[in-house]
Amino acid sequence: MRETTQHSITNLSRAAKRIVGIVALTLIGVLFLPAQNSTPPQPPKAGRPPVSQSAVALPPTQLDESAVLYHLNQLINWYRHSTAGIQPVGLPSDAIYQDNAKNLSSQVLRLAFQSAKAEATVLTAQQKRSEMSQPSTGSTQQQNLLQMQAKTSSQIEQFQSQIESLNQQIAKTRAAHRSELISQRAELQSQLELQKALLDAIQKMAAFVETNGEISGGLEGGINQLARSIPDVLATSPGPQQTAAAATPAKPSLANSGGLISEAMTLYGYMSAMHQIDGVIQETNHTSDVADHLRMPLRDAVRATVQQSQKLAGEPLATDPQQLLAEQQEFQELTERFKQLSGALLPLSQEIIVLNDSKTNFDEWRSSISRESGHVLRSVLGRVVGIVVALAVILVLSQIWRRITFRYVSDPRRRRQFLVMRRVVIGFLIGIVLVLGFVSEFSSLATFAGFITAGIAVGLQAVLLSVAAYFFIIGRYGIRVGDRISVAGVTGDVVDIGLVRLYLMELAGTGLDFYPTGRIVVFSNAVLFQTSTPLFKQIPGTEYTWHEVVVMIAPDGNHKVAQEKLVGTVTSVYSRYKDAIERQHAAIERHVDIQVERPSPEARLQFADAGLELLVRYPVEIRNAPDTDEEMTRKVLELIETDADLKAAVSGTPKIRSAVKG
């Protein structure tokens with residue numbers, strides 16, 4: 001009776017453990033597995049045959065070592081791109097998002113390696129079950145080394161026991177019979193040393209293989225090798241990379257500067273950062289798909305385990321102690337298998353959740369940069385529009401200035417001065433607009449402009465001197481287009497006056513008749529400051545010069561009669577253009593603050609090498625000088641031929657020459 005009671009209590013205890021295990025497996029399957037159409041557990045029926053070994057056999061897990069390693073490689077690449085592939089643009093929120101990305105990616109890597117190690121355990125257990133069911137066809141290098149190490153260790157133990165036995169025999173044997181035992185002990189000692197050396201070599205080789213990643217099955221070695229490639233995540237203490245990353249300062253923001261170039265560079269940085277984030281988001285989605293693909297066989301295996309537990313729950317309780325023992329062993333196998341699978345599935349599911357959180361972090365990061373880039377883009381467009389409007393207003397003012405100048409300024413000299421001033425002012429205003437629009441750091445601009453100015457002053461010394469001379473040339477007593485000047489031995493009429501160059505139409509000839517040579521002479525405006533090349537020009541407002549009629553007085557001639565009649569003839573010719581000369585003289589009096597005598601013909605007597613010489617000076621218009629001199633020549637010759645007194649008073653042929661050379 002007592003034995004029957006104990007047997008009943010044992011059966012109840014085993015049944016309770018069985019029910020608790022079934023409930024635990026079912027609950028975990030409901031919580032961690034997706035819903036599916038599964039067959040509900042059947043109620044226990046009396047008389048059901050006992051569960052056979054084939055009925056409870058579980059299918060192998062469809063895991064692939066290459067898929068596990070590919071998953072880890074993909075995660076490592078994603079980790080590096082997500083932590084170092086995005087350059088911060090300088091926003092205050094960049095540090096927050098970057099820190100979140102670093103923490104989330106590190107958490108994903110730790111979960112992935114935790115799951116990978118559990119998957120390696122699952123594959124190892126599955127391989128052991130496969131080897132138990134069918135003979136092994138081969139072994140890895142590490143397994144061979146372990147077998148050799150075990151065999152060598154066993155032989156070392158045997159040799160040591162034999163040597164100890166011989167030592168005891170030698171101690172008990174008489175001296176006459178010890179030599180043979182001592183020889184056997186020496187031979188065993190030699191073999192023992194050889195086996196120890198062999199064991200040491202095997203251990204070193206095994207350690208080298210383990211260090212280089214060839215652990216049992218090859219998967220664990222690959223996992224460890226990949227783990228060593230990211231010591232900043234899986235190391236227990238922070239490595240040098242972590243310290244260097246923490247000490248790296250944030251990139252300064254360009255958005256705070258107000259220049260168009262700075263804002264354009266900032267906008268380009270924002271667009272580049274958004275492109276980088278888009279690439280990381282796509283890689284995150286791909287990594288999540290890889291993890292989900294790896295999770296599918298584990299999820300199927302857990303589902304099969306739960307279904308098998310439900311199937312066992314439908315079996316009737318066994319009464320035979322052997323069947324109870326078999327069922328208990330089956331439940332232990334199911335429990336152990338479920339622990340292995342859940343140890344791999346749970347971190348993998350958490351990894352996918354954290355990957356989604358990381359994607360959300362990147363989306364928010366991109367949204368913050370996108371909002372800020374919108375503000376910068378509007379600022380850039382506003383600044384560009386402002387620059388265009390300002391330039392348009394300046395150009396409109398330039399056209400208005402030009403039209404007013406041509407309408408109200410009739411003097412060509414003044415008109416040209418106003419037009420030159422217009423170009424200078426408009427150029428200065430355009431430069432100010434461009435500087436204010438494109439440059440924001442004026443302190444740096446001032447320093448930079450100082451160096452640039454010094455370099456320009458040295459390299460463009462002649463050009464700057466010409467520009468400075470230009471303002472002297474267009475001054476009150478300067479040169480204007482149409483003036484006849486002489487500079488560096490060249491006489492010509494001014495054709496154009498540029499900012500750095502002066503253009504002359506060259507004149508040539510002998511005596512009083514000058515004619516264009518067909519060449520344009522170009523001088524630098526800086527010639528005004530050169531003492532070796534003087535510049536000659538007419539008084540402003542005048543277009544006349546002085547010529548003179550020269551006659552030789554005969555030794556017995558009456559110079560008074562010759563002077564009176566010759567001056568009268570010259571005065572009669574001069575009276576024809578006297579009004580034009582007097583108008584020019586009036587203009588001189590208005591512009592020049594000195595007293596200038598009114599021009600009129602005048603006579604002078606002077607001694608020359610050939611005798612007494614009579615000169616009659618008279619003003620002529622520069623443009624009409626050849627015609628005036630020709631008429632003056634005809635009148636003087638006609639007077640000498642018709643007047644006997646004058647013909648007797650002079651000797652030789654009269655001459656007409658320029659009173660001023662050039």
Any donor-acceptor pair under 3.5 Å from N167 side chain to I163 backbone: yes
For R110, side-chain contact (heavy atoms from CB on, under 4.5 Å) partners two or more places apart: S106, Q107, V233, L234
Contacts of type side-chain hydrogen bond (donor to acceptor under 3.5 Å, both in side chains), residue Q74, not counting sequence neighbours: T287
Minimal non-hydrogen separation, G269 against V89, with atom names: O-CG1, 3.7 Å
Any side-chain donor near an acceptor of the partner, K102 and Y79, under 3.5 Å: yes
Sequence-distant partners of T173, side-chain hydrogen bond (donor to acceptor under 3.5 Å, both in side chains), two or more places apart: none
Output a table of donor-acceptor pairs, distance under 3.5 Å, between side-chain atoms of residues 191-198 and any protein atom two or more places apart or on a different chain; print 'none' if there are none.
unit_1: E193; atom_1: OE2; unit_2: Q189; atom_2: NE2; d: 3.4
unit_1: Q195; atom_1: NE2; unit_2: Q155; atom_2: OE1; d: 3.4

S349 side-chain N/O to L345 backbone N/O, donor-acceptor pair under 3.5 Å: yes
S82 side chain vs W78 backbone, donor-acceptor pair below 3.5 Å: yes
With A67 via side-chain contact (heavy atoms from CB on, under 4.5 Å) - residues at least two apart: D64, L294
Main-chain N/O of P88 paired with D94 side-chain donor or acceptor, under 3.5 Å: no
Separation between NZ of K117 and CD of Q114, rounded to the nearest 0.5 Å: 9.0 Å
Donor-acceptor contacts under 3.5 Å from residues 353-360 side chains, at least two apart:
unit_1: N356; atom_1: ND2; unit_2: I352; atom_2: O; d: 3.3
unit_1: K359; atom_1: NZ; unit_2: D363; atom_2: OD2; d: 3.2
unit_1: T360; atom_1: OG1; unit_2: N356; atom_2: O; d: 2.9

